[in-house]
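Everything below concerns the one structure shown next.
Side chains included, hydrogens not; waters and symmetry mates left out as well; all remaining heavy atoms used. What you see is a predicted model; the values in this text were computed from it and never measured. Just so you know, residue 1 is the first one in the sequence shown, and it goes up from there.
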Amino acid sequence: MTNGPYSDNAAGLSRRRSDFVLRRDTEFSWQHLRERVVVSTLFAAASVATLTTVAIFLTLTYNGWEFFSVVPIRAFLLGTDWAPDFLPRSFGSLPLIKGTFQIALGALVVGLPLGVGSAIYISEFAPERLRSILKPAIEILAGIPSIVFGLVALFVISPIIRQLFPGTGVFNAASAAIALGVMVVPVIAAISEDALRAVPRELREGAFALGATRWEAAWNVVLPAARSGVIAAVILGFSRAIGETMAVTLAAGLIPNMSWNFLEPTQTITAFIANRAGGDLPTGSIEYRAIFALGLILFVITFVINLIAQFSLAAQRRKFA
């Protein structure tokens with residue numbers, strides 16, 4: 001083989017090519033490693049919520065199982081006498097479950113028309129400048145601490161109710177329901193407004209072409225088309241009301257009963273847990289385990305409600321996909 005400038009150039013080119021391939025492979029390896037690290041970090045961040053939910057469920061299940069080994073689950077769910085502090089002790093949770101749903105349903109009576117009505121106005125009637133003011137103003141309500149709503153219910157709403165209905169006590173279900181109704185307005189309004197604005201513009205224009213007014217188009221065309229999203233908003237608002245603690249603890253009272261009279265005091269699951277968790281309960285006692293049993297019931301209720309809401313939202317997305 002002849003040595004010369006051509007062979008030297010070929011050897012140099014081969015070395016440079018080898019160096020380039022080596023650098024490329026090295027850079028690709030580092031880039032691949034960095035990408036793996038970033039993806040793994042994001043996966044860990046996304047898994048926190050799931051792992052936390054699983055941990056909460058396992059904690060409630062373990063302690064709840066210890067409780068149900070002493071108290072039959074049928075007596076716990078269907079019993080109408082809740083008296084854990086008196087002998088003989090009774091752990092019928094139905095009064096607490098009733099109180100929870102009573103106040104949550106009362107909150108919907110207040111929050112549903114306000115939330116959906118606000119969403120319809122913001123989506124269909126408000127000018128763009130006014131919309132940019134009203135929507136953030138409504139959403140600000142979601143940032144107000146719940147204990148503030150409880151104080152308003154106790155010192156503002158309750159005195160008004162007592163003036164309108166003499167004989168009503170300071171603590172009553174009506175004041176708590178009204179306060180919670182205002183609290184769920186941002187949830188219902190925000191999700192409902194997004195669902196209404198997701199309705200294709202062609203449906204509105206078709207209604208206008210047939211001679212419908214803006215109100216007729218909004219009520220008869222847009223709202224039915226966004227029905228799944230609005231239902232999901234209402235369900236999520238209902239779930240928010242069920243899980244509320246401080247407002248109902250301050251305003252509704254601490255007397256579990258089976259009465260559906262909103263002028264009487266009542267107690268919810270969350271109010272009982274908040275009241276007893278801060279007390280001196282011996283760890284491992286039946287009263288201590290009762291808190292986890294009630295927490296498990298509340299967890300299952302809110303989980304099912306949120307699951308229904310997610311299915312409704314998924315149906316809304318498929319409808320206009």
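- Follow the hydrophobic side-chain contacts under 4.5 Å out from Phe91 and you never reach Leu94; the two are in separate clusters.
- Taking 4.5 Å as the limit, some side-chain heavy atom of Leu108 sits within range of a side-chain heavy atom of Ile188.
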Where do Ile297 and Ser93 land on the side chain to side chain contact (heavy atoms under 4.5 Å, CB included) test, with the steps shown first?
-> CA-CA 10 Å; Ile297 296 299; Ser93 64; 5.6 Å; no
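- Expressed to the nearest 0.5 Å, how far CZ of Phe67 lies from CD1 of Ile291 amounts to 10.5 Å.
- Taken to the nearest 0.5 Å, the CG atom of Leu307 stands 11.5 Å off from the OG atom of Ser239.
- When every heavy atom of Ala218 is checked against every heavy atom of Pro224, the shortest pair comes out as O-CD, 4.4 Å.
- Salt-bridge check for Arg89 with Asp81: failed, with every basic side-chain N at 4.0 Å or more from each acidic carboxylate O.
- For the pair Thr168 and Leu263, the tightest heavy-atom approach, listed with the atom from each and the gap, is CG2-O, 3.3 Å.
- No donor-acceptor pair closer than 3.5 Å links the side chain of Ser158 to the backbone N or O of Ser175.
- The main-chain N or O of Thr249 is never found under 3.5 Å from a side-chain atom of Asn275 such that the two would form a donor-acceptor pair.
- Considering only heavy atoms from C-beta on, Leu60 stays 4.5 Å or farther from Trp65 through its side chain.
- Among all heavy-atom pairs drawn from Thr266 and Lys98, the shortest one is OG1-NZ, 3.3 Å.
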Using the side chain to side chain contact (heavy atoms under 4.5 Å, CB included) rule, take Gln267 and Val248 through it: C-alpha gap first, then chi angles, then the decisive distance, then the call.
-> CA-CA 8 Å; Gln267 189 175 34; Val248 294; over 6 Å; no
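- Distance check: Arg162 CZ to Asn172 CG gives 8.5 Å after rounding to the nearest 0.5 Å.
- Between Val234 and Ile191, every side-chain heavy-atom pair lies at or beyond the 4.5 Å cut-off.
- Listed by chain and number, the residues in a ring-ring contact (aromatic ring centres under 6.0 Å, His included) with Trp260 amount to none (sequence neighbours excluded).
- One distance of note links CD of Gln102 with CD1 of Ile97; it measures 13.5 Å at 0.5 Å rounding.
- Relative ring orientation between Phe68 and Phe76 is described as perpendicular, the plane-to-plane angle rising above 60° on a 0-90° scale split at 30° and 60°.
- The closest side-chain heavy-atom distance from Phe171 to Leu154 is below 4.5 Å.
- Ile103 and Ala176 get closest at one heavy-atom pair: CD1-CB, 4.1 Å.
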With side chain to side chain contact (heavy atoms under 4.5 Å, CB included) as the test, would you mind laying out the steps for Thr213 and Phe208 before giving the verdict?
-> CA-CA 7 Å; Thr213 63; Phe208 295 148; over 6 Å; no
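- The ring pair (Phe, Tyr, Trp, His ring centres under 6.0 Å) test with Phe57 is passed by exactly one of Tyr62, Phe292, Phe299: Phe299.
- Residue Leu210 holds its CG atom at 11.5 Å from CG of Asn220, rounded to the nearest 0.5 Å.
- Nearest approach of Ala142 to Pro186, heavy atoms of both residues: N-CG, 3.6 Å.
- Side-chain contact check for Thr270 and Glu244: no donor-acceptor pair (N or O, by modelled atom type) lies under 3.5 Å.
- Side-chain contact between Pro84 and Phe272: present, with at least one pair of heavy atoms (C-beta onward) separated by less than 4.5 Å.
- The shortest distance between side-chain heavy atoms of Leu141 and Met183 does not fall below 4.5 Å.
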Could you walk me through whether Val199 and Val221 pass the side chain to side chain contact (heavy atoms under 4.5 Å, CB included) check?
-> CA-CA 9 Å; Val199 176; Val221 177; 5.9 Å; no
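- Side-chain contact between Ile231 and Ile235: present, with at least one pair of heavy atoms (C-beta onward) separated by less than 4.5 Å.
- Phe238 places none of its side-chain heavy atoms less than 4.5 Å from the side chain of Val184.
- Interatomic distance, Arg289 CZ to Ile286 CD1, rounded to the nearest 0.5 Å: 8.5 Å.
- Judged purely by atom type and a 3.5 angstrom limit, Ser132 uses its side chain to pair as donor or acceptor with the backbone of Arg129.
- Between the side chain of Thr268 and the main chain of Ala271, a donor-acceptor pair closer than 3.5 Å is present.
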Enumerate donor-acceptor pairs with a distance under 3.5 Å from any side-chain N or O in residues 117-127 to protein atoms, sequence neighbours excluded.
{"from": "Ser118", "atom 1": "OG", "to": "Leu114", "atom 2": "O", "distance (Å)": "2.6"}
{"from": "Glu124", "atom 1": "OE1", "to": "Arg204", "atom 2": "NE", "distance (Å)": "3.0"}
{"from": "Glu124", "atom 1": "OE2", "to": "Arg204", "atom 2": "NE", "distance (Å)": "3.4"}
{"from": "Glu124", "atom 1": "OE2", "to": "Arg204", "atom 2": "NH2", "distance (Å)": "2.8"}

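- Minimum heavy-atom separation, Pro113 to Val109: CD-O, 3.2 Å.
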